[in-house]
Amino acid sequence: MSNDQKVFVPSQPLPPARTGVLTPFEPGTRILEAGFRLAPPFRPLPVDVVFEKDVAVQLRDGVTIHVDVFRPVGTEPVPVIVAWSPYGKGQGSSASVMGVFGMVGLDNGIVSGLEKFEGPDPAYWCARGYAVCNPDIRGVVDSEGDSVLWDRQEGRDCFDLIEWLAQQEWCTGKVGMSGTSYLAVSQWFTAAEQPPHLAAINPWEGVSDVYRDLVMRGGMPDTGFVRQLQEGSFFGKNRREDVLTEAELHPLADGLWEHKVPDFDRITVPAYVVASYSNTLHTAGTFRAWRRMASPEKWLRIHNTQEWPDYYDEANVEDLRRFFDHYLKDLDNDWERTPRVRYSVLDLQGGDRVNLPADTFPPADVTATRYYLDGRTRTMTTTVPTGEAAVSYPVAANPAAVSFLARFDEDTVLVGYPKAHLWVEARDADDMDLFVLVQKLDAHGTPLQAFTVPNRTAVVHDLTDHGASILRYKGSDGRLRVSARHLDEKLSTDEVPAHTFDRVELLSPGEIVDVEIDLLPIGLSFRAGEQLRFVVSSRNLLGTLMPGIQEYAGANRGEHVIHTGGDHASYLQLPVQTR
């Protein structure tokens, strides 16, 4: 069993920077009156709220966790929204969370500080007839047990909490879930367990496969962010899972990692999924979950900013309330007439279009079009070059990359899933770490980029010149270790290749192999005369996901060769929308 493969290390108490006003263990119930303000930076409560603090909930294996519940004053039962994560339930007013808001340029006054980090704000939801439950999950702060990281165990635990909540006298028996990042991922796992009283979920950007999205992206051991997550969260009195060591012991996708992928076929609850093209941590996982989840009633909205500004935007919160009103309160508010997909098209010059309606993603008017690489001219065309040509770069050189250009003669929109199909060779090596990137260039050849957050200070410029890619969008990227090229025939489609990552297939001297590399979904417009640049490199072209984490260096040596034309017609497949 995969549980036997887990590795645990001692945890440690919540540090001062992660401690909020409500962190101390103080079981009891009190009324927070309208106008109550947790601390000066935060918004006051608009209504009286019942605050049940540190309520004990016993899970099926006997472990006791503690939860905070905020609910409207009165005797009328209400539905409840759960925010499940390893972040302390009192952390919303901590220095670290306030610092995150400052980093992205959000005013802490848009929330009450009662919310869990990345979760729904009780100040808003209690005023509109909902309760909010913030748990300290297994192994976190004062809760018992050993914590795990994005795991089916969390789904079972949250199942138990949901069923406990549904039995409370103040609850209608309907429970929803909402939140971004970790709070989104936990929803996939919980919904797959099918708690009878879970009525709707709202995953707002999150990974959906720990192996492929977090520890071995493209088959490469890129663990900078998981180190930050593991060591900067899961604070408690017992043990926490050591995913870093697990990644070293289990470099291939085995039973341990299978346990950290939700059973998407069992996710049948109504779902309002929110995604972006620009979050290099979350984008692939969010779209994967959207594609694979079995829910017959599922909606997708693709925004054009970053998850935190988008989640707390007033109009978006109201939009979410319509969804929850329909499924948690049974209101006939025409939510079901909302387009199943609302996507955005980025312009990167101030002309983004958002909330474009469609029935599917990609929209039905999109055609997967191959742009063939020509090594002689370093261009891309929709016809196969007749002659073969190879281009190469020494991995120790500067630049350790080659690129190809395509100029659009007419206005063009790309919406959907790009992929690269390359014929490659390694000289003086038996493996290759490949990084690929699709960039937009203006008519003069200048790369176009766009910040995804309101903060665009000098510091954020410094952070995002090379790294902190969740804060500045530079294009759609992908990566693959060539020895991990074996495709998963069950999950791969013509648009989105999927790899098994269960074997190592090293290269022989002189061997030319074809590889398929999935790039992040894209929504990008080009005016006539503007260009697309496709880059292939041995180096991470965007840098780190987050500020301050260690960057992965590709395990490369020798020379990389990209073959083009003839029998080795490498191409970039782009989702072109019909004019």
Side-chain angles (χ1 to χ4, degrees), residues 216-222 370-406 418-439 441 447 475-487 492 497 499-501 503-519 531-543 551-574:
M216 294 290 288
R217 296 172 60 219
M220 305 174 196
D222 185 356
R370 295 179 179 181
Y371 285 76
Y372 292 93
L373 281 53
D374 190 331
R376 295 168 301 180
T377 62
R378 293 288 197 91
T379 59
M380 292 181 289
T381 63
T382 53
T383 57
V384 180
T386 55
E388 293 197 19
V391 290
S392 65
Y393 52 83
V395 300
N398 184 13
V402 294
S403 65
F404 305 83
L405 298 179
K419 78 169 183 180
H421 187 121
L422 305 177
W423 290 91
V424 299
E425 175 189 358
R427 292 178 183 161
D428 300 319
D430 59 7
D431 209 350
M432 311 165 67
D433 279 358
L434 293 177
F435 298 84
V436 295
L437 176 68
V438 166
Q439 285 182 311
L441 312 180
S476 168
D477 75 318
R479 59 170 68 181
L480 182 68
R481 177 166 284 181
V482 171
S483 62
R485 64 188 177 276
H486 186 263
L487 291 173
S492 291
H499 302 88
T500 61
F501 295 116
R503 67 199 71 188
V504 176
E505 298 176 323
L506 297 175
L507 299 172
S508 303
E511 184 180 11
I512 302 172
V513 299
D514 64 320
V515 298
E516 293 204 353
I517 307 175
D518 57 308
L519 286 84
Q531 302 172 80
L532 180 146
R533 181 181 181 224
F534 176 58
V535 190
V536 183
S537 178
S538 65
R539 298 176 182 172
N540 186 349
L541 295 162
L542 297 181
E551 182 174 356
Y552 172 73
N556 288 302
R557 57 187 174 85
E559 186 175 8
H560 289 179
V561 184
I562 314 300
H563 293 267
T564 70
D567 293 334
H568 296 113
S570 296
Y571 60 85
L572 174 66
Q573 183 167 290
L574 296 172

All heavy atoms of A400 vs all of P394, minimum pair found to be CB-O, 3.9 Å

Closest non-hydrogen atom pair, E516 against L480
O-CD2, 3.7 Å

Can you find a pair of side-chain heavy atoms, one from V391 and one from V536, that are under 4.5 Å apart?
no

Who passes side-chain hydrogen bond (donor to acceptor under 3.5 Å, both in side chains) against H499, sequence neighbours left out?
none

Under the salt bridge (Lys or Arg N to Asp or Glu O under 4.0 Å) test, which residues partner D433, sequence neighbours left out?
R481

Between V513 and E505, is any pair of side-chain heavy atoms under 4.5 Å apart?
no

Run through L519, N540, L541, V436 and flag the one making a side-chain contact (heavy atoms from CB on, under 4.5 Å) with R479.
N540

Given R378 and V402, is the side chain to side chain contact (heavy atoms under 4.5 Å, CB included) satisfied, shown in steps?
CA-CA 8 Å; R378 293 288 197 91; V402 294; 3.7 Å; yes

I'd like to check M432 versus V515 (side-chain heavy atoms, cut-off strictly below 4.5 Å). Are they in contact?
no

Audit row: L574, L532, side chain to side chain contact (heavy atoms under 4.5 Å, CB included) steps and yes/no:
CA-CA 11 Å; L574 296 172; L532 180 146; 3.8 Å; yes

Roughly how far apart are S492 OG and D518 CG, rounded to 0.5 Å?
9.0 Å

Does the side chain of T564 come within less than 4.5 Å of Y372's, by heavy atoms?
no

Considering all heavy atoms, the nearest S538-H560 contact:
CB-CE1, 3.6 Å

Specify the closest pair of heavy atoms between A406 and Y371, including all atoms of both residues, with the distance to one decimal.
CB-CD2, 4.4 Å

Closest non-hydrogen atom pair, L437 against G475:
CD1-C, 3.9 Å

Would D374 and T381 count as a side chain to side chain contact (heavy atoms under 4.5 Å, CB included) here? Give the steps.
CA-CA 8 Å; D374 190 331; T381 63; 5.9 Å; no

Name the orientation class of the two ring planes belonging to F435 and Y552 (parallel below 30°, tilted from 30 to 60°, perpendicular beyond 60°).
tilted

Is there side-chain contact between Y393 and P399, with at least one heavy-atom pair below 4.5 Å?
no

Between H563 and E425, a side-chain donor and acceptor under 3.5 Å:
yes

Spatial distance of atom CZ (R427) from atom OG (S392) [nearest 0.5 Å]:
5.5 Å

Taking the side chain as everything from C-beta on, heavy atoms only, tell me whether V424 gets closer than 4.5 Å to L434.
yes

Which one of D431, L506, I517, L422 satisfies the side-chain contact (heavy atoms from CB on, under 4.5 Å) criterion with V482?
D431

With rounding to the nearest 0.5 angstrom, report the CG to NE2 distance, D514 to H421.
4.0 Å

Test side chain to side chain contact (heavy atoms under 4.5 Å, CB included) on M216 and F501 and set out the steps.
CA-CA 9 Å; M216 294 290 288; F501 295 116; over 6 Å; no

A side-chain contact here means heavy atoms from C-beta on lying under 4.5 Å apart; do D430 and R557 qualify?
yes

Grab the two heavy atoms, one from G566 and one from V384, that are nearest each other, plus how far apart they are.
N-CG1, 4.1 Å

Is there a side-chain contact between K419 and Y571 in this structure, where contact means two heavy atoms from C-beta onward sitting under 4.5 Å apart?
yes

Counting distance only, does the side-chain N/O of S570 pair as donor-acceptor with the main-chain N or O of W423 below 3.5 Å?
yes

